[in-house]
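This one's a predicted model, so the numbers in the text were calculated from it and none came from an experiment. Per chain, numbering begins at 1; letters A, B, ... match sequence-line order.
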Amino acid sequence: MSSKKYILEMFPYPSGNIHMGHVRNYVIGDINARYHKLKGDEVIHPMGWDAFGLPAENAAIQFNTHPQDWTVKNIKNMKSQLQKLDLDLDWNRELATCNQDYYKHQQELFIDFYKAGLAYKKDALVNWDPVDQTVLANEQVIDGKGWRTGAIVEKKNLSQWFFKITNYAEELLSDLDKLELWPEKVKTMQKNWIGKSIGAEIKFKIHENSDYLNIFTTRPDTIYGATFIAVSVNHPIVKKFSDQELINKIKKEFEEINNDKDKIGYKMPISCDHPILNKKIPVFIANFVLDTYGEGAIFGCPAHDERDYEFAKKYSLPVIKVIECDDDSLPYSGDGVVINSPLLNGLNKDDAIKEIIKFLIRDNIGNEKINYKIRDWGVSRQRYWGCPIPAIYYEDGTYRVLDKEELPVILPYDVNLKGKGNALLNMENWRKIICPKTNKVAYRETDTLDTFVDSSWYYIRFLDNKLEKPFDAQKINKLLPVDKYIGGIEHAILHLLYSRFFMKALRDIYNLNVDEPFRQLFTQGMITHKTYRTKDNEWVMPKDVVIKNKRLLKIKTEEPIEEGPSEKMSKSKKNVIEPDEILDTYGIDATRIFMISDSPPDRELEWTDEGIQSSKNLVHRIERYFLKKKTDIDLETEKKVERFVHNIEKNILEFSLNKCIADIYTLFNYLEKNQIYLYDNELSEKILICLFPVLPRLSSKISSSLFKNKILGNWPNINYALLAEDKINLPIQIQGKLVTTFETIKGYEEKDILNSIYQLDKIKNKIANKEVLKVINVQDKIINIITN
RNA sequence: GCGCCAGUGGCGGAAUGGUAGACGCGCUGGUCUUAGGAACCAGUGGGCAACCGUGGGGGUUCGAGUCCCUCCUGGCGCACCA
């Protein structure tokens with residue numbers, strides 16, 4: 001029975017050349033695609049280009065070209081490199097996100113998102129990458145640095161477009177459980193990123209006026225122990241009660257100190273009423289309160305929170321114990337019996353939380369609350385080379401998102417990138433229009449969309465890349481999700497989370513019946529290589545290193561070279577191998593073998609000369625084998641071939657591609673050792689079909705010479721009768737330790753076999769003078785004799 | 001600090017709780033060859049041996065690389081998330 005199989009590898013950014021990482025990624029996908037085609041499945045296996053993005057702008061400035069020209073040229077080059085790899089790709093589905101016939105549909109989706117309330121604009125304190133001169137989403141800031149540039153990210157207040165990914169926080173989290181074929185690791189990372197916590201929101205009345213301060217806590221059970229309030233410096237209340245000069249001073253000080261988690265605070269001229277106890281507690285502006293989480297305000301319970309404790313000690317604030325524990329174990333944040341809390345005394349944590357929430361609701365001072373760490377996805381980028389956001393601004397400051405009829409908003413070609421800031425801002429003649437609806441002067445939005453938007457739906461567009469609307473709903477329902485999605489783990493959160501959000505948003509807008517875009521995710525390991533450098537710490541490419549008299553030398557200068565550990569291939573350390581050169585020297589099939597042979601595909605692969613060479617040797621060996629004169633075969637040969645078919649299939653399906661290579665060696669070792677040559681025997685056909693996904697060139701070449709005009713058939717059906725082994729080598733243990741093995745047939749009688757075994761010298765000697773207490777016979781597997 | 005994953009020969013790695021080290025690389029010896037990053041044959045966990053061996057210690061089991069507890073080491077992720 002044939003079925004649809006959508007096999008997809010993460011599409012590349014057209015940087016200029018493919019690298020070995022791409023090769024490994026695409027070979028893994030290609031083996032799967034070819035296998036499924038042989039199975040008779042309807043295979044979708046497309047390729048395209050993630051073609052918008054900053055490197056094109058930087059390159060344009062550096063090489064005095066245009067981002068589009070640079071990108072188009074790179075695509076052309078990389079496409080020819082991929083074709084040289086002879087991947088079985090659906091090139092008729094090709095797309096590039098920088099092409100109008102891709103991004104105009106994306107603009108349409110933007111409008112739909114806007115209408116559905118999933119795209120909106122707001123002033124926000126955002127992450128500003130000073131090198132790329134653009135805003136970054138939260139996910140794109142790693143350790144306070146830009147994901148691409150590594151520059152320290154600044155905070156800026158800007159009016160920005162956002163996608164309402166928070167609407168889907170709960171579903172993005174709970175649906176992770178449905179993704180059985182995703183690596184646990186990726187799911188955990190997404191889970192942590194979404195960051196669900198269950199707790200309560202509590203209103204603290206400001207003593208000096210009638211306002212309330214909202215606070216989120218996961219520990220409302222410790223409310224009686226609250227001895228202070230702390231807010232982030234960006235909290236609105238700070239502005240109300242402090243002058244800007246002071247705020248700036250505090251901000252500056254916080255920035256300087258925030259590196260090593262030292263806690264500092266400024267006491268505000270206000271206090272809050274404790275919501276239950278009749279007392280006032282002080283309010284601090286504190287550096288350790290995150291403005292991006294919860295309400296940007298906390299209540300401090302020093303006895304039961306490490307951070308609050310540290311802060312309280314520093315500012316001599318009272319520590320009130322409300323959970324039973326030793327005094328010297330403070331701060332104690334575990335479960336325990338509540339004390340010193342009239343409404344909650346004697347309860348454990350969970351019950352106390354339930355009880356206090358009841359109380360908060362009754363008195364209208366709080367509620368149960370679920371908080372998520374994830375925030376809305378900021379998609380505005382102050383860059384030229386991206387998808388224009390379809391909106392215009394009037395001179396009175398209002399704006400309007402365009403109607404679909406007004407699309408596309410075409411990215412203008414004629415641009416000066418050498419100026420400061422976003423090039424589109426300086427293009428007055430492009431920006432300024434007369435709004436056809438109001439006849440008023442208007443200006444186009446100059447921000448472009450984050451390129452992660454482009455890649456959030458490309459797998460959908462592949463299904464129908466020439467359609468005059470974004471997609472066809474029926475096709476989505478029929479052909480999605482992607483069955484196997486293969487790529488690097490570096491996209492664990494960014495791309496994969498955004499895509500999941502997109503799929504769900506589109507499902508709701510268009511009434512689709514797909515919940516998740518990728519049924520199975522496979523993350524391939526990176527490729528590493530030894531690093532080499534000269535005494536002057538200058539990196540040297542592997543191909544420029546020679547061995548002379550057992551010493552490593554640089555090829556021309558003969559400088560001595562030091563060998564460093566194997567690290568991820570990178571241009572900066574020059575430990576790269578060029579795919580083009582490898583293909584020329586070793587050929588496609590050997591390259592494919594090496595990409596999967598030396599370690600499991602999800603682990604890192606160390607590039608070695610020996611590895612690629614032995615892959616090449618295997619190709620030659622198989623080729624030679626099929627030139628040998630035909631011999632007779634026996635049943636055992638048929639069984640071995642059947643076993644081979646079975647194992648290859650199993651290992652492809654399990655992504656254990658390294659074991660496929662072992663299967664190939666095992667088969668040919670057997671055949672050659674026993675001098676069995678199949679030549680044009682029908683078993684050869686079976687073998688060649690199974691070799692085809694891994695070694696398409698060689699397999700086709702041999703088949704066409706052995707079977708002339710015949711086209712190779714489909715993947716063989718397994719004859720399970722041939723897989724069954726009746727002769728076995730039964731392990732015999734005494735006290736659970738292996739003593740010997742005994743050759744017999746499956747389905748033996750326990751009584752008979754024991755009689756025989758007791759005659760064996762090894763067994764006889766071991767059980768002499770001992771009493772056999774028990775015999776464990778795991779039929780056809782093992783026999784274990786227990787003595788006293 | 002928290003979470004996750006992993007520790008098996010000289011190396012990469014195999015092993016539904018049932019013969020640990022499949023397969024490959026490397027290495028040793030040999031054959032063939034003008035030569036070979038070629039090919040072929042034999043060997044290759046340790047130990048003379050009895051035996052011992054899957055990071056250390058404990059446990060469950062007739063039986064543990066595999067399951068449980070604990071510790072150590074390494075990698076990855078998150079990191080003042082209230």
Side-chain angles (χ1 to χ4, degrees), chain A residues 142-144 183-197 199-200 215-220 222 226 230 232 258 260-263 286-290 292-301 304-308 310-311 333 371-374 489-490 492-493 566 585-586 593-594 597-600 602-606 608-618 620-621 624 647 651 656 658-669 672-673 728-742 773-778 780-787:
Chain A
I142 293 148
D143 290 338
E184 278 311 314
K185 187 184 159 119
V186 174
K187 289 196 276 185
T188 307
M189 282 167 73
Q190 293 209 355
K191 195 176 160 190
N192 291 340
W193 184 260
I194 294 166
K196 177 180 184 176
S197 9
I215 278 168
F216 174 73
T217 178
T218 54
R219 293 298 302 273
T222 63
S232 143
N258 256 357
D260 38 59
K261 295 198 176 178
D262 279 346
K263 292 182 178 45
N287 67 331
F288 69 96
V289 180
L290 303 168
T292 57
Y293 184 79
E295 304 287 339
I298 60 150
F299 75 72
C301 176
H304 306 291
D305 183 285
E306 240 174 84
R307 299 151 300 181
D308 299 347
E310 198 187 315
F311 190 78
S333 57
N371 190 64
Y372 298 92
K373 193 179 89 170
I374 190 171
I489 190 135
E490 64 272 20
I493 291 179
S566 207
T585 314
Y586 297 94
I593 291 176
F594 185 48
S597 63
D598 275 18
S599 49
D602 55 348
R603 276 197 231 169
E604 65 180 39
L605 169 74
E606 184 178 7
T608 59
D609 290 345
E610 291 83 359
I612 182 71
Q613 183 58 45
S614 64
S615 301
K616 176 82 173 168
N617 294 346
L618 177 61
H620 283 160
R621 181 176 164 194
R624 276 197 313 273
N647 287 347
N651 287 327
S656 299
N658 54 323
K659 287 192 257 170
C660 285
I661 303 301
D663 295 335
I664 295 174
Y665 276 111
T666 306
L667 176 71
F668 285 96
N669 285 351
E672 291 185 325
K673 181 156 190 145
I728 49 169
N729 220 7
L730 191 69
I732 312 297
Q733 297 181 333
I734 292 179
Q735 316 286 60
K737 279 188 172 180
L738 181 77
V739 176
T740 185
T741 61
F742 185 76
L773 300 174
K774 197 170 159 192
V775 172
I776 288 141
N777 172 37
V778 183
D780 300 337
K781 279 273 164 99
I782 203 163
I783 285 183
N784 190 7
I785 300 165
I786 311 301
T787 63

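With both ends at atom P, the span from B:G17 to B:G65 equals 13 Å, rounded to whole Å. Between B:G55 and B:G12, the distance separating the two P atoms is 14 Å to the nearest Å. Using P as the reference atom, B:C78 and B:G18 are 37 Å apart when rounded to the nearest Å. For the C1' atoms, the distance from B:G45 to B:C27 is 14 Å, rounded to whole Å. B:C52 sits 16 Å from B:G58 when the P atoms are compared, rounded to a whole Å. The C1' atoms of B:A38 and B:U33 are separated by 10 Å, rounded to the nearest whole Å. Only the P atoms considered, B:A49 is 28 Å distant from B:C41, to the nearest whole Å. Separation of the C1' atoms belonging to B:G57 and B:G13 is 27 Å when rounded to the nearest angstrom.
Contact annotation for A:Y586: base contact, defined as any heavy-atom pair under 4.0 Å involving a base atom. Among the protein residues, A:I298 comes within range of the nucleic acid bases, having at least one heavy atom under 4.0 Å from a base atom. At the heavy-atom level, A:N371 lies nowhere under 4.0 Å from the strands shown. No engagement by A:V775 is indicated, since no non-hydrogen atom pair under 4.0 Å with the nucleic acid exists. A:T217 comes within contact range of the sugar-phosphate backbone alone, with a heavy-atom separation under 4.0 Å but no base atom that close.
Contact record, A:L738 with A:P731: CD1-CB, 3.7 Å, taken as the closest heavy-atom pair. In plain terms, the two heavy atoms of A:I593 and A:I661 that are nearest each other are CG2-CD1, 3.9 Å. Shortest non-hydrogen contact noted between A:S599 and A:N658 is O-CB, 3.8 Å. The two residues A:A492 and A:M189 come nearest to each other via the heavy atoms CB-CE, 3.6 Å. Closest non-hydrogen pair, A:F594 versus A:T608, comes out as CZ-N, 3.6 Å. Residues A:L730 and A:D780 approach most closely at CD1-C, 4.0 Å, considering heavy atoms.
Across the protein-nucleic acid pair, A:D602 atom CG and B:G12 atom P stand 16 Å apart, rounded to whole Å. Counting to the nearest Å, the P atom of B:G12 and the CG atom of A:D609 are 18 Å from each other. In this structure, A:E604 atom CD and B:G12 atom C1' are separated by 11 Å, rounded to whole Å. Taking atom CD of residue A:E310 and atom C1' of nucleotide B:G1, one finds them 13 Å apart after rounding to whole Å. Rounded to a whole Å, the CD1 atom of A:I493 is 12 Å from the C1' atom of B:C76. In this structure, CG of A:N192 is placed 9 Å from C1' of B:C4, rounded to the nearest angstrom.
Using modelled atom types, one side-chain atom of A:N784 and one backbone atom of A:G736 make a donor-acceptor pair closer than 3.5 Å.
Shown here, B:G63 is classed anti by the O4'-C1'-N9-C4 or O4'-C1'-N1-C2 angle, which is more than 90° from 0.
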Sort me out a list of protein N/O and nucleotides 62-68 of chain B N/O pairs below 3.5 Å, or just none if empty.
{"from": "B:C62", "atom 1": "O2'", "to": "A:N784", "atom 2": "ND2", "distance (Å)": "3.1"}
{"from": "B:C62", "atom 1": "O2", "to": "A:N784", "atom 2": "ND2", "distance (Å)": "2.6"}

Detail all sub-3.5 Å separations between protein N/O atoms and N/O atoms belonging to nucleotides 46-48 of chain B.
none

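A 4.5 Å side-chain heavy-atom check between A:D305 and A:R219 finds every atom pair outside the cut-off. Residues A:D308 and A:I298 are in side-chain contact: their nearest non-hydrogen atoms beyond the backbone lie under 4.5 Å apart. In this structure, the side chains of A:K187 and A:E184 come closer than 4.5 Å at one or more pairs of heavy atoms. Put simply, the side chain of A:Q733 reaches to within 4.5 Å of the side chain of A:I782, judged on heavy atoms.
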**Letter per nucleotide, 5' to 3', of nucleotides 23-29 of chain B [B base touched, S only sugar-phosphate touched, - untouched; heavy atoms, 4.0 Å]** = SSSS---
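Taking every side-chain heavy atom of A:K185 into account, B:C76 is the closest of B:A14, B:C76, B:A82. Looking at the side chain of A:F288, the nearest of the listed nucleotides B:A82, B:A14, B:G37 is B:A82. Distances were taken from every side-chain heavy atom of A:M189 (C-beta onward) to each of B:C40, B:A82, B:G77; the shortest belongs to B:G77.
Proximity of A:K673 to the phosphate of B:A42: a side-chain N or O atom is located under 4.0 Å from OP1 or OP2. Look at A:S197 and you'll find a side-chain N or O under 4.0 angstrom from OP1 or OP2 of B:A82.
Closest-nucleotide positions on RNA chain B for A:K373 and A:I782 were compared, and the one nearer the 5' end corresponds to A:I782. A residue-by-residue look at A:D308 and A:H620 shows that A:H620 has its nearest nucleotide of RNA chain B further toward the 5' end.
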**Fill in**
Secondary structure of RNA chain B per the Watson-Crick/G-U criterion (both distances under 3.5 Å; [ ] crossing, | other strand, . unpaired) is (((((((..(((.....[....)))((((((.......))))))((....))..(((((..]....))))))))))))....
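At least one cation-pi condition fails for A:K263 and A:F311: the charged atom is not both under 6.0 angstrom from the six-membered ring centre and inside a 45 degree cone around its axis.
Remark: the A:K781 side chain and the B:U16 base include a donor-acceptor N/O pair separated by less than 3.5 Å.
Not a single ring pair (Phe, Tyr, Trp, His ring centres under 6.0 Å) links A:F216 to another residue, sequence neighbours left out. A:F668 meets the ring pair (Phe, Tyr, Trp, His ring centres under 6.0 Å) test with A:Y625; sequence neighbours excluded.
Judged by distance alone, the side chains of A:S597 and A:Y665 never bring a donor and an acceptor atom under 3.5 Å apart.
Summarising the local packing, CD of A:E306 is surrounded by 12 or fewer heavy atoms from other residues, nucleotides or ligands at distances under 6.0 Å.
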